[in-house]
2 protein chains.
Amino acid sequence: MKERKALDSEEDINNLLALDNQLCFALYAVNRAITGRYRPLLAELDLTYPQYLVMLVMWEADRKGDSPRVSSIGERLRLDSGTLTPLLRRLEQRGLLTRQRSSEDERVVTVALTDEGRAMREKASDVPLRLLCDLGVGPEQAVQLREDLRDLLSRVEGDR
Amino acid sequence: MKERKALDSEEDINNLLALDNQLCFALYAVNRAITGRYRPLLAELDLTYPQYLVMLVMWEADRKGDSPRVSSIGERLRLDSGTLTPLLRRLEQRGLLTRQRSSEDERVVTVALTDEGRAMREKASDVPLRLLCDLGVGPEQAVQLREDLRDLLSRVEGDR
DNA sequence: GGATAACATGTTGTGCACAATATAGTTGTT
DNA sequence: AACAACTATATTGTGCACAACATGTTATCC
């Protein structure tokens, strides 16, 4: 038999590494699994999940008559220009939106939907329901989890 | 005033798109926020988060005297060879582990820790606690959320 | 009004994530 | 033995994600 004390602290480390694995890894794995579930639905629109998120922001802004700047989109989605610039460029090349540098402030690039981008909104409107059905998660459970995640997000982002 | 009916269905679509945004987007955003929290801690070990996950699996296997094959690691982390092969190659180049093709079955590549890789475990042992403190999440809350996420994961992965 | 700081976006480089395909080895059937 | 089916890993290509740096712009302080 081994010593009791040394074994315990070893076990503690094992448990911590395992717990940690399961807490943050669960998040990591679920996130990839869910974007995997989106993939076939979004493939019908020829969009990736991050592209879909950008389109959601754009549809929302467009309804208010806004043409958001790149930084606004980044703020909303917590993505930086290194991610957004090439992503927006691809959507622009496909004719879903336009990017235009402001004449007032040359640093600013405003993004606007084209008619084609606006039209895609209808084709995308059934994605959320189809996904929720696909997941087999009840609405109240979904809301609860979303609240927990939002709470966690504010904690994680809170004190920098 | 606009028609009641048309406005309602428009609002429904808006709500769905917004709810969807918030549920799955919350997961997406929290995941990135948390790996961002890991980043400075893991930078001390010169590891990325996926590399850290692989090392966790390796430390766990090593304790049992195992030298897992690439596919076992991938199964555990839900990652495929396109992700793991270059990642493992980088860890091998740094001398943390070895990759060896099995002589019994030449298709199989087994991965084993080096002494250096084994030694890193101690330096990494305080990462989980430091992260939990950093997040400001209580243990019982963490356990609850982990359970919810594991439940969700089994749902999402369940029926393919 | 000229240095300087703060700002908005873009560029470059590294490292995942994953689909599609390739390669090579193994097993089973005839 | 020959061949097909299957398996394990590697390779290639596209698209994020983010850090570090570059470029040009505006504002501010003196």
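Note on naming: letters A, B, ... go to the chains in the order of the sequence lines (proteins, then strands), and numbering restarts at 1 for each one.
For B:Thr48, a side-chain nitrogen or oxygen approaches OP1 or OP2 of C:dC16 to under 4.0 Å. Between A:Tyr28 and the phosphate of C:dA17, there is a side-chain N or O to OP1/OP2 separation shorter than 4.0 Å. For the OP1/OP2 pair of C:dA8 and a distance below 4.0 Å, the side-chain nitrogens and oxygens of A:Ser71 include no atom meeting the criterion. Remark: A:Arg90 is in phosphate contact with D:dC16, judged by side-chain N or O atoms under 4.0 Å from OP1 or OP2. A close approach under 4.0 Å does not occur between any side-chain nitrogen or oxygen of B:Arg101 and OP1 or OP2 of C:dG25. Considering only side-chain N and O atoms, A:Arg89 lies nowhere under 4.0 angstrom from the phosphate OP1 or OP2 of C:dT9. Residue B:Gln51 has a polar side-chain atom (N or O) positioned under 4.0 Å from OP1 or OP2 of C:dC16.
Each of B:Val137, B:Asp134, B:Leu135, B:Val30 was scored for a side chain to side chain contact (heavy atoms under 4.5 Å, CB included) with A:Arg155, with one residue passing: B:Val137.
Put simply, CG on A:Leu42 is 14 Å from C1' on D:dC16, counting in whole angstrom units. A straight line from CG of B:Asp105 to C1' of C:dT23 spans 14 Å, rounded to a whole angstrom. Following rounding to the nearest Å, A:Asp80 (CG) and C:dT11 (P) show an atom-to-atom distance of 14 Å. In this structure, the CG atom of A:Leu84 is 10 Å from the P atom of D:dC16, given to the nearest Å.
Within the nucleic acid shown, A:Glu75 has no heavy atom closer than 4.0 Å to any nucleic acid atom. If you check every strand for non-hydrogen atoms under 4.0 Å, A:Leu79 touches sugar and phosphate atoms only.
Here the side chain of A:Arg32 pairs a donor or acceptor atom with the backbone of B:Arg78 at under 3.5 angstrom.
Comparing B:Gly82 and A:Tyr49 by the nucleotide of DNA chain D that holds the closest heavy atom to each, the one mapping nearer the 5' end is B:Gly82. Of the two residues near DNA chain D, A:Pro50 and A:Glu106, the one whose nearest nucleotide lies more 5' is A:Pro50. Residue whose closest nucleotide on DNA chain C sits further toward the 5' end, between A:Arg69 and A:Arg39: A:Arg69.
The base of D:dT7 lies close enough to the side chain of B:Arg107 for a donor and an acceptor atom to sit less than 3.5 Å apart.
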Start with the C-alpha gap between B:Arg107 and B:Asp105, add the side-chain angles, then the distance that decides, and say whether salt bridge (Lys or Arg N to Asp or Glu O under 4.0 Å) holds. CA-CA 5 Å; B:Arg107 295 169 304 178; B:Asp105 185 340; 2.6 Å; yes

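Using a 3.5 Å distance cut-off with no hydrogens or angles, the side chains of A:Asp151 and B:Gln141 do pair a donor with an acceptor.
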